[in-house]
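Whatever order the structure lists them in is the order used to number ligands and atoms, beginning at 1. Excluded from the calculations below are hydrogen atoms, water molecules and symmetry mates; all remaining heavy atoms, backbone and side chain alike, are included.
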Amino acid sequence: MAAEPVPYRPIIGLEIHVQLATRTKLFCACPVEFGAEPNSRVCPVCLGLPGVLPVLNRRAYELAVMLAVALNCQIRRFTKWDRKSYYYPDLPKNYQISQYDLPLSHDGHFDIPANGGLKPVGIIRAHLEEDAGKNIHDLPAPAGQSGQPGYTAVDLNRAGTPLLEVVTAPDLASAEEAYVFATELQRLVTYLGVSEGVMQKGQMRFEPNVNLAITWDGREYRTPISEIKNLNSFRSLRHAIDYEIQRQLAEWAKDHDYVLEKVGKVNCGWRDDAGRTEIQRVKEEAHDYRYFPEPDLVPVELDDVWLAKLRGLVPELPIQRRLRLQQTFGLPAASTETIISDRATADLFEAAVAAGAEPTTLAKQCISFWSMHANAAGTTIAGLGIAAARLAELSRMTADGRVNPTAAAAIAEKMLTNKASPADIARAEGLEQLQDSAGIEAFVEEAIAANPEAAAQIRDKARKWEKALGFLQGDVMRRSKGSAPPQMVRELLLKKLQP
Ligand code: ZN
Ligand code: MN
């Protein structure tokens, strides 16, 4: 007998670490530089040597506040720093400077697209903290020590890099929603310029909390909350959550005592190669970290003038821009997504419209050939480096019927390497639509003369004469190298081949 399906609802929250785009570290002047020679971007402060004093990077604080403002958070006017104690080789001080009871912001929301509308996802808090270094495992044994197993070395270049930790409410209902949240957040941070958001450099790392509410036999069961540590790709975020949902469901099905009250919270790692999570340990609670106020740093007081200045630096957000572009130009959702996918491209689109572009045609060209060329070059549409006025001109030529869409695509391809204007390229390549009926008429005469049988079929309205018309129309298009407007060709053929 087949088992009845068990009704369940995933409950998902995210903890996200976003690396802020500062030149130097959070509490010292060492440069933040990915891929530098290990342990070459360090100083006594980020090495945690005794007797040194941290000094707050003002820029990091400002970027953090800007992001918190964009997440609709309450901004605290008085914040302080705390030490979060734990022992790990990549943490030389044995504590991390973070924010505990007075984070710089709290109680916000970030709206994501869901079910054709917007879904607000609560932001519990966003606070500033320093990153740890990196343990590098499985290195070859040092010279002269053959036969040893793999070594682990510590690179402290990353220690002290500023991170904004964002903690969401458990408002996400599926792996897909978590994925959408993560990608929307990446777009937000790059729009704001507060982070480069490059996943490959670990500039955004995700830790989802996942459990299930299962309704069964008249009561609700909550499975133990799993915190999946340190996911650094959107793909692994989605897969790990999906895996964890199914794992918890299966565990509970075997044993209905697999519930939060009995098991507590668990930390898991994600094994990308194996495609599964691995339980690591029962999770620490806050008291295990032995938080206490950092005595070496003064609290930060954010006054009205400073906060107003930072609010002023927050630009129109992607979600607002999407709505405005759709409403102003009546663009379809798909092309708006492409246009707002990065800030520079959205700016370029609006500059082109200001320079006379036909918005709908330009939007179409963006989703067809411009994004195709951008993808091929591994960049954005703005990254192709074509001036707004040139984009505007090509869209206008297409909208006015001076070139047909196929010719427009050919001109666009030339524009990638040719600095000439689209009109000049069209002329040079013979891609302009013939506007004068005299020029087209000559091609029509030629086609009729070359195909007397087809011409006769049309004149006599013979069986399948429409097929013959299509054939002659094609022949004219070939002779004009696609420059004749098809409708005009058809009309001319019919006029000349009247019975
Ligand atoms: Zn340093
Ligand atoms: Mn953290």
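The two residues K134 and D90 make their nearest non-hydrogen contact at N-CB, 3.9 Å.
Per residue E165, closest N, O or S atom to the Mn ion (ligand 2): atom name OE1. The Mn ion (ligand 2) lies closest to atom NE2 when only the N/O/S atoms of H17 are considered. Atom OE2 is the N/O/S atom of E129 found closest to the Mn ion (ligand 2).
Considering L237, I241, V166 as possible partners of F206, the one that fulfils the side chain to side chain contact (heavy atoms under 4.5 Å, CB included) test is L237.
Seen from the Zn ion (ligand 1), atom SG of C43 and atom SG of C30 lie 100° apart in angle, a value rounded to 10°.
Using bins of under 30°, 30° to 60° and over 60° for the plane-to-plane angle, the ring pair Y291/Y100 lands in the parallel bin.
A donor and an acceptor atom, one from each side chain of H17 and E129, are located under 3.5 Å apart.
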